[in-house]
Amino acid sequence: MCLGIPGRIIEIYDNGLTRMGKVDFNGIIKEVCLAYLPELQVGDYTIVHVGFAITRLDEESARETLALFQSLGVLEEELQPNTEDRHEIS
């Protein structure tokens, strides 16, 4: 399965080649390429597909979709977290 997953941008940086960010998917943090959406800012929600932010999303829609994915049990399967990816979000 390969879904687009909504997440919140918590950090933006340039890795020397392209604009990157760290995105929070309900406590699972992943590195994401932001090159296709240069207007995104820290705190924005985006849909990520195979490591690329592909569209901006409003917070309510993002939270509803994340809750649905968690209830279906597909969120962790899609993100394949390991112990290094888990962070506490306050």
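Computed from a predicted structure; not experimentally measured.
Between Arg8 and Asp24 the shortest side-chain heavy-atom distance falls below 4.5 Å. The closest side-chain heavy-atom distance from Ile10 to Ile29 is below 4.5 Å. Between Ile47 and Ile5 there is no side-chain heavy-atom pair separated by less than 4.5 Å.
Screening residues 47-60 for side-chain hydrogen bond (donor to acceptor under 3.5 Å, both in side chains), with sequence neighbours left out, gives Asp44-Arg56, Asp58-Ser61, Glu59-Arg63. Residue pairs meeting the side-chain hydrogen bond (donor to acceptor under 3.5 Å, both in side chains) criterion with at least one member in residues 33-42: none, sequence neighbours excluded. Listed by first and then second residue, the ring pair (Phe, Tyr, Trp, His ring centres under 6.0 Å) pairs that reach into residues 56-78 come to none, sequence neighbours excluded.
Annotation for Phe52 and Val32: closest pair C-CG1, 4.1 Å, computed over non-hydrogen atoms. Closest approach of Ala53 to Leu40, counting heavy atoms only: CB-CD1, 4.1 Å. When every heavy atom of Ala62 is checked against every heavy atom of Pro6, the shortest pair comes out as O-CG, 3.7 Å.
With sequence neighbours excluded, no residue satisfies salt bridge (charged side-chain N to carboxylate O under 4.0 Å, His left out) with Glu11. Applying the side chain to side chain contact (heavy atoms under 4.5 Å, CB included) test to Leu72 and every residue at least two apart in sequence or in another chain returns Leu68, Val74. The side-chain hydrogen bond (donor to acceptor under 3.5 Å, both in side chains) check on Glu64 picks up nothing, with sequence neighbours excluded. Remark: Ile12 pairs with Ile9, Arg19, Leu34, Val42 by the side chain to side chain contact (heavy atoms under 4.5 Å, CB included) rule, at least two apart or across chains. Every residue two or more places apart in sequence or in another chain that forms a side chain to side chain contact (heavy atoms under 4.5 Å, CB included) with Ala35 is listed here: Thr18, Cys33.
Listed by chain and number, the hydrophobic cluster partners of Met20 are Tyr13, where partners are ILVMFWY side chains within reach of under 4.5 Å, directly or through others.
Once rounded to the nearest 0.5 Å, the distance linking CD1 of Ile54 with CG of Leu37 reads 8.5 Å.
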